[in-house]
Number of protein chains: 2
Amino acid sequence: MSKYSVSLQDMAEMFKALSNPHRLALFKRLMSCCEPGTRCRTDQEMRCCVGDLGQDVDIAPSTLSHHLKELNRAGLVRMQRNGKHVECWVEPDVVNRIGDFFNL
Amino acid sequence: MSKYSVSLQDMAEMFKALSNPHRLALFKRLMSCCEPGTRCRTDQEMRCCVGDLGQDVDIAPSTLSHHLKELNRAGLVRMQRNGKHVECWVEPDVVNRIGDFFNL
DNA sequence: TGAATATTTCGACATGTTTCGAAGTATAGA
DNA sequence: TCTATACTTCGAAACATGTCGAAATATTCA
């Protein structure tokens, strides 16, 4: 029945990543950079570079980098270098996995 | 559109509470002590006392108490003394609020 | 190759978390 | 009122996290 099976440990890691207000804001921003209802596509134009994300949160670049790394390690955010920039995005499946945990 | 509006700070508090594997296990147990699909009712028999919850996690009673307090402070778990026992339960709205955050 | 831009790594410090045992509080029942 | 049960509070130790600035790396373009 469970399409997305994630261990309790992995879920705890995800929630830890989302437990910091700065990281949660970053994740929310990445989650909502798409059409409402459709959820984030992985298309090029739907991605967001690290610098852009830094505009919204008032933290040092090194701290921003650290937080994105944590979101990435938890499996919540994917990252890929494109030239001078590093693009970040949220895979729709990640949100589904969380929904699955709550039986939503 | 948003039935359950919670601040980013409050959401971060909830995720912090769920970021610890022991607390996540406790929450999951309380979330699933009901019919699948229907989600937890607040009826007496659907509640669970602190001692019962301690059977599943291998931690000292004082640690268990601390974790339940954290879940309660985050607004995830409700607690009420009933005689010698303290009953714990998850309000269905709490799960809806989290689902709302993820647009689920 | 050298400069400019974008991002990461490192080291350090302050603060927060997890955990326990011991002692304290609350309740029910003999 | 005394005792047993159920749970909480307190204090302390070990460990983890958030934050920054400085230095390092990666990439593009002149």
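Just so it is clear: chains get the letters A, B, ... in the order the sequence lines come, proteins before strands, and each one is counted from 1. Computed from a predicted model, the values in this text were never measured in an experiment.
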Looking at B/K16, does any N or O in its side chain come under 4.0 Å of the phosphate oxygens OP1/OP2 on C/dT17?
yes
I want to verify a distance call: between C/dT18, C/dT17, C/dT19, whose nearest atom is closest to the B/H67 side chain?
C/dT19
Counting side-chain heavy atoms from C-beta on, which of D/dC7, D/dG18, D/dT9 comes nearest to B/H85?
D/dC7
Which nucleotide in D/dC7, C/dT9, C/dT7 has an atom nearest any side-chain atom of A/K69:
C/dT9
With a 4.0 Å cutoff (strictly under), does any side-chain N or O of A/N20 reach OP1 or OP2 of D/dG18?
yes
What's the CZ-P distance between A/R73 and D/dG18, to the nearest Å?
11 Å
Per A/R81 side chain, nearest of listed nucleotides C/dT18, D/dC20, C/dT7:
C/dT7
Is B/R81 reaching over with its side chain to a backbone N or O of B/G83, donor-acceptor style, under 3.5 angstrom?
yes
Please determine, for the side chain of B/H66, which listed nucleotide (C/dT18, D/dC20, C/dA26) has the closest atom?
C/dT18
Quick one: does B/L76's side chain get under 4.5 Å of B/I98's, heavy atoms only?
yes
Check: B/R97 side chain, B/G99 main-chain N or O, donor-acceptor pair, under 3.5 Å:
no
Check if the side chain of A/S62 and the base of D/dG21 share a donor-acceptor pair of N or O atoms closer than 3.5 Å.
yes
Keeping the roles fixed (side chain from B/R23, backbone from B/K16), state whether a donor-acceptor pair exists under 3.5 Å.
yes
